[in-house]
Amino acid sequence: MTEPSIDLVTFGETMARLENPVVGPMRHARALDLGVGGAESNTAIGLCRLGGTAAWFGRVGDDEFGRLITNVLAGEGVRLGHTVVDRSAPTALLFKERRAGTLTRVQYYRTGSAGSRLCPADVPHDLIRSARVLHVTGITAAISATARQALDDAVETARDAGVPVSLDLNYRRALWTPTEAGECLQKLVKRADLLFATEQEARLIVPDADDDLAGLAAGLAALGPRDVLLKRGAQGVVALCEGALHVQGAHRVPVIDPVGAGDAFAAGYLAEFVRGRPVADRLDTATAAGAYAVTVRGDWEGLPSRADLDLLKSAEDTVTR
């Protein structure tokens with residue numbers, strides 16, 4: 001039987017997150033805050049908070065960290081019916097160290113993890129065919145050969161079913177070299193409909209593109225994506241969508257933790273994309289979601305609801321009553 005329709009399907013590795021609550025070297029921390037983090041699951045949570053429906057699949061260990069991940073995602077409304085509990089591999093860990101002010105250093109312990117053992121047999125084809133968009137990231141291609149095979153399988157399933165493929169490059173230099181990433185990710189870009197990237201990530205794919213951002217976006221679009229979004233953090237976004245160039249600034253907010261802002265941006269954009277909203281609305285929601293994400297500690301905890309979006313747009317005062 002065909003799965004009921006769902007706005008977004010995504011997958012990858014979500015990890016337990018351990019973070020020192022004060023600024024300084026991790027070795028001096030006397031306590032660590034425990035949470036979860038993963039680019040794909042962050043985006044799924046973000047879309048759910050904006051009123052959409054999302055499913056995430058992947059592998060977690062049969063341990064307390066794995067149970068934490070599934071509890072958190074389920075509690076945020078993310079559907080987990082195809083998630084695998086791996087009884088012979090642990091859930092991966094990430095450590096976040098607030099080294100100086102907003103400078104954050106992230107270290108991974110994911111070799112041999114449950115999430116890295118994702119394989120094509122884990123891919124729920126009917127679920128993907130039921131989606132309004134499939135969202136993937138370059139991280140999944142980097143964590144293992146079998147995960148890369150699963151990624152290829154999922155993308156081809158979506159393309160065969162006419163489901164748009166959203167790709168966030170999300171280059172992680174701790175996982176592979178620029179040369180390895182550029183070759184693999186370029187192949188993914190050619191099969192994507194929507195592309196999210198920083199300028200640095202984009203130049204891994206099209207190193208010979210024009211120096212200006214409009215030219216860089218055009219170079220990426222020439223490979224296949226109909227929407228190319230160059231994320232610029234506090235400087236906003238340059239987007240080439242359906243042949244038209246859009247430049248939009250970011251909201252000015254105090255930055256507490258920048259990790260997860262790109263995932264929030266993608267969630268905001270995709271939340272409007274699946275509703276058939278115009279590009280201007282997609283960018284408005286994306287930049288607002290990214291702004292909210294950086295105002296609190298945590299990879300996803302600051303992601304906004306629809307009511308939060310309205311508050312950011314309309315509130316002149318810092319207190320509402």
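Heads up: numbering here begins at 1 and tracks the sequence.
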Distance-only side-chain donor-acceptor flag, [X] / [Y], under 3.5 Å:
X: D160; Y: T157; value: no
X: D168; Y: T137; value: no
X: T91; Y: R67; value: no
X: N170; Y: E201; value: no

*Can you name the one residue among D299, T104, N20 that meets side chain to side chain donor-acceptor pair (under 3.5 Å) with K96?*
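Among the candidates, only D299 passes.
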*Work out which heavy atom in V165 is nearest to a heavy atom in A158; give both atom names and the distance.*
CG2-CB, 3.8 Å
*Out of L151, D193, V155, V136, which residue meets the side-chain contact (heavy atoms from CB on, under 4.5 Å) rule with L167?*
V136
*Determine, for E97 against R27, whether the closest basic-nitrogen to carboxylate-oxygen distance falls under 4.0 angstrom.*
no
*Are R172 and E180 within salt-bridge range, i.e. N to O under 4.0 Å?*
no
*Hydrophobic cluster mates of F196, side-chain heavy atoms under 4.5 angstrom, ILVMFWY only, any path?*
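Besides F196, the hydrophobic cluster comprises L8, L47, V133, L194, L229, V237, F265, Y269, L270, F273, V274, V279, L283, listed by chain and residue number.
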_Apply the hydrophobic cluster definition, ILVMFWY joined by side-chain contacts under 4.5 Å directly or through others, and give me every member besides L34._
L18, M26, L32, V36, I45, W56, V60, F65, L68, I69, V72, L73, V78, L80, V85, L93, F95, Y109, W300, L303
_Contact between L230 and L216 at the side-chain level, heavy atoms closer than 4.5 Å - yes or no?_
yes
